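What follows is a set of notes on a single structure, which appears directly below.
Here, residue 1 is the first one in the sequence, and each next residue gets the next number. Keep in mind that this is a model prediction, so the values were computed, not measured.
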Amino acid sequence: MAPSLDDKTRAIITACVPALEAHGVDITREMYSRLLADPAISALFNRSHQQNGSQPTALALAVLAYARNINNLGALTGMIERIAEKHVGLNILPEHYPHVGTALLGAIEHVLGDAATPDIMQAWANGYQFLADVLINREKQLYDQTASTPGGWAGWRPFVIRSRVQESPRVLSLYLEPKDGQPVLQHKPGQYLSFNITVPGLGTQRRNYSISSAPSERGYRISVSRAPEGLVSNWLHDNAPEGTELLVSAPAGSFTLGTPAPASTVLLSAGVGLTPFLSMLEAAASGPHGALHYIHGTHNAETEAFGPRLHTLAAQGVVKADVFYTHASPANKAEASSAVQVHEGRITPEWVKANTAEDAVYYICGPEAFMLGMIDGLKAAGVPENRIRHEVFGPATTVEDTLHAA
């Protein structure tokens with residue numbers, strides 16, 4: 001572990017905040033261009049996040065948050081934990097960190113030019129090493145904890161697709177069991193799996209998919225939405241039949257209900273954001289739980305993955321459920337069972353606040369625009385920030401980074 005950052009280092013990093021606000025994304029783009037030039041390192045990253053700009057933007061926001069809070073690093077505990085969880089899922093190791101540090105420092109010097117004085121470069125070298133040591137130590141704890149848990153493992157473990165189920169025109173469920181036939185770690189509902197997949201002609205790709213099944217020692221289910229330009233999602237839909245072998249890392253992520261679960265929980269999703277919530281509902285069907293209220297948005301009944309299962313769970317009293325159809329027809333509404341309340345139009349924060357328990361804790365998952373709108377709207381409606389939690393598809397930073405970047 002690096003020693004605590006000295007006053008000079010912290011003062012210089014704080015002074016760099018305006019430069020990061022102006023040039024942060026330029027620095028991280030340059031950093032990734034350097035990293036991705038090394039095939040061994042580029043394989044660690046989701047290339048689609050480079051193409052759409054989300055990875056450089058997310059990292060720029062994380063670096064900016066680090067600089068802004070260099071004198072109060074406790075404020076970054078949540079962000080650091082999420083990054084560590086993502087790194088463990090992707091099997092990031094201590095030997096990868098020097099490559100990132102070299103690329104980051106080179107990018108800072110390249111973008112800032114003459115403004116990157118020796119003092120500034122040394123301060124960022126110190127700051128990077130300190131943060132790297134924090135992450136490396138936390139990640140070691142997570143690796144050790146997972147490997148020592150019954151059914152747990154370290155690194156990549158071969159799994160086999162035992163069955164495929166088309167849940168909707170765009171969502172495909174894959175039932176995965178370990179190739180060695182041994183038990184697996186029972187995940188916490190809300191966690192995800194990371195995959196190391198070789199797509200012919202496109203090389204190694206790493207992806208995260210939420211687990212959509214109840215905890216089991218036998219295996220896991222993931223439910224994958226076909227993205228229009230998704231390299232891996234399309235490959236899984238079209239070229240991964242039963243019997244296909246996939247390399248999988250152990251369940252990771254902290255987007256879970258915790259113990260004990262909140263007395264009143266609202267699960268708020270759109271699109272394929274329902275997957276971690278389905279795992280929570282499946283677990284609740286066989287065990288004690290607090291009051292659960294599930295609110296979901298989708299185009300119509302045809303695009304609603306797991307619609308029949310939700311109706312069954314609602315009819316059994318496991319969950320109170322509201323589904324919003326943004327492109328509904330009268331027939332859609334007539335076909336709905338009385339166990340699930342069906343609405344036409346989009347979910348709004350105002351409706352959510354008015355129709356949920358006063359003390360509810362809100363779990364949000366879905367497209368980023370949906371989550372940003374819900375988080376902003378619920379806060380504006382008076383919901384305390386500590387009762388709003390969310391999961392993020394993509395780079396390992398938080399939606400709050402975007403909300404607080406201005």
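Applying the salt bridge (Lys or Arg N to Asp or Glu O under 4.0 Å) test to Arg226 and every residue at least two apart in sequence or in another chain returns Asp238. Every residue meeting the ring-ring contact (aromatic ring centres under 6.0 Å, His included) condition with Tyr209, not counting sequence neighbours, appears here in chain and number order: Phe195.
Atom CG of Leu246 is separated from atom CD1 of Ile222 by 7.0 Å, given to the nearest 0.5 angstrom. Ile120 CD1 to Ile13 CD1: the interatomic distance, rounded to the nearest 0.5 Å, is 10.5 Å. Atom CG of residue Leu267 and atom CD1 of residue Ile295 lie 9.0 Å apart, to the nearest 0.5 angstrom. For the atom pair CG of Leu73 and CD1 of Ile80, the computed distance is 6.5 Å after rounding to the nearest 0.5 Å. Atom CD1 of Ile12 is separated from atom CG of Asp7 by 11.0 Å, given to the nearest 0.5 angstrom. With rounding to the nearest 0.5 angstrom, the OG atom of Ser249 is 7.0 Å from the CG atom of Leu193.
Among pairs with a residue in residues 188-202, those fulfilling side-chain hydrogen bond (donor to acceptor under 3.5 Å, both in side chains) read Ser194-Asn208, at least two apart in sequence or across chains.
At a cut-off of 3.5 Å, with distance as the only test, no side-chain donor of Arg162 or Tyr175 sits close to an acceptor on the other residue. Under 3.5 Å, the side chains of Ser223 and Thr275 contain no donor-acceptor pair of N or O atoms. No side-chain N or O of Ser213 forms a donor-acceptor pair with one of His187 less than 3.5 Å apart. Inspection of the Asn300 and Glu304 side chains reveals no N or O donor paired with an N or O acceptor under 3.5 Å. Residues Ser254 and Glu85 bring no donor and acceptor atom of their side chains to less than 3.5 Å of each other. For the residue pair Ser279 / Ser212, no side-chain donor-acceptor distance below 3.5 Å is found, with atom types taken as modelled. If you check the side chains of Gln122 and Asn126, you find a donor sitting under 3.5 Å from an acceptor. A donor and an acceptor atom, one from each side chain of His293 and Asn355, are nowhere located under 3.5 Å apart.
Closest approach of Gly273 and Pro276 over heavy atoms only: O-CD, 3.4 Å. Residues Gly127 and Thr9 come closest through the heavy atom pair N-CG2, 4.4 Å. In this structure, Ile161 and Ala240 approach most closely via the heavy-atom pair CD1-O, 3.7 Å. Nearest heavy atom pair, residue Ala125 against residue Leu105, reads N-CD2, 3.7 Å. For the pair Met31 and Ala107, the tightest heavy-atom approach, listed with the atom from each and the gap, is N-CB, 3.5 Å. Shortest non-hydrogen contact noted between Ser173 and Phe306 is OG-CZ, 3.3 Å.
Using a cutoff of 4.0 Å between basic side-chain nitrogens and carboxylate oxygens, Arg68 and Glu21 are scored as salt-bridged. Salt bridge Asp359/Arg387: absent, no basic N to carboxylate O contact under 4.0 Å. The pair Lys140-Asp144 counts as a salt bridge, with a side-chain nitrogen and a carboxylate oxygen less than 4.0 angstrom apart. A salt bridge is absent between Glu242 and Arg164: the closest approach of a Lys/Arg side-chain nitrogen to an acidic carboxylate oxygen does not fall below 4.0 angstrom. A salt bridge links Glu282 and Arg309; the closest N-O separation between the charged side-chain nitrogens and carboxylate oxygens is under 4.0 Å. Using a cut-off of 4.0 Å between Lys/Arg side-chain N and Asp/Glu carboxylate O, Glu177 and Arg218 are scored as salt-bridged.
Residues Ile364 and Phe370 form a side-chain contact, since some pair of their non-hydrogen atoms from C-beta on lies under 4.5 Å apart. Val100 has its side chain out of reach of Tyr32: every pair of non-hydrogen atoms, C-beta onward, lies at least 4.5 Å apart. Looking only at side-chain heavy atoms (C-beta outward), Asn71 and Thr14 come within less than 4.5 Å of each other. Put simply, the side chain of Asp322 reaches to within 4.5 Å of the side chain of His343, judged on heavy atoms. Val171 places none of its side-chain heavy atoms less than 4.5 Å from the side chain of Thr303. Inter-residue side-chain proximity for Ser210 and Phe277 is flagged as unmet; no heavy-atom pair is nearer than 4.5 Å. Side-chain contact between Thr298 and Thr326 is absent, with no heavy atoms from C-beta onward closer than 4.5 Å. Within the 4.5 Å cutoff, no side-chain heavy atoms of Arg207 are placed close to those of Ile197.
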**Item:** Verdict with supporting geometry, Arg157 and Gln182, side-chain contact (heavy atoms from CB on, under 4.5 Å)
**Value:** CA-CA 11 Å; Arg157 183 177 180 182; Gln182 297 300 305; 3.6 Å; yes
**Request:** For the pair Lys353 and Glu358, evaluate salt bridge (Lys or Arg N to Asp or Glu O under 4.0 Å) and give the outcome as yes or no after the intermediate values.
**Result:** CA-CA 8 Å; Lys353 183 64 169 63; Glu358 187 66 29; 3.7 Å; yes
**Request:** Output, in order, the C-alpha distance, side-chain angles, deciding distance and verdict of side-chain contact (heavy atoms from CB on, under 4.5 Å) for His390 and Ile375.
**Result:** CA-CA 9 Å; His390 67 270; Ile375 293 169; 3.9 Å; yes
**Prompt:** Would Glu30 and Ile27 satisfy side-chain contact (heavy atoms from CB on, under 4.5 Å), going step by step from the backbone distance to the final call?
**Reply:** CA-CA 5 Å; Glu30 175 65 21; Ile27 289 171; 5.9 Å; no
**Asked** Are Leu257 and Tyr363 close enough, and set up right, to give a side-chain contact (heavy atoms from CB on, under 4.5 Å), and what steps lead you there?
**Response** CA-CA 9 Å; Leu257 294 183; Tyr363 287 74; 3.7 Å; yes
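Thr149 places no side-chain N or O within donor-acceptor distance of the main-chain N or O of Gly152, the cut-off being under 3.5 Å. Of the possible polar contacts, one joining the His96 side chain to the Leu93 backbone as a donor-acceptor pair under 3.5 Å is found. Panel note: side chain Gln316, backbone Val318; no donor-acceptor pair is recorded below 3.5 Å. With hydrogens and angles ignored, the 3.5 Å screen pairs no side-chain donor or acceptor of Thr146 with any backbone N or O of Tyr143. Without hydrogens or angle criteria, Arg170 side chain to Ser225 main chain gives no donor-acceptor distance under 3.5 Å. Looking only at distances, no side-chain donor or acceptor of Tyr66 sits under 3.5 Å from a matching main-chain atom of Tyr128. In this structure a side-chain-to-backbone donor-acceptor pair under 3.5 Å is present from Thr28 to Pro56. Side-chain N or O atoms of Thr102 include none that pairs as donor or acceptor with a backbone N or O of His99 at under 3.5 Å.
His327 and His299 have perpendicular rings, their planes meeting at more than 60° on a 0 to 90° scale where under 30° would count as parallel. Ring orientation note: the planes of Phe324 and Trp351 are nearly perpendicular, at an angle over 60° on the 30°/60° scale.
If you look at His296 and Tyr294, their ring centroids are closer than 6.0 Å.
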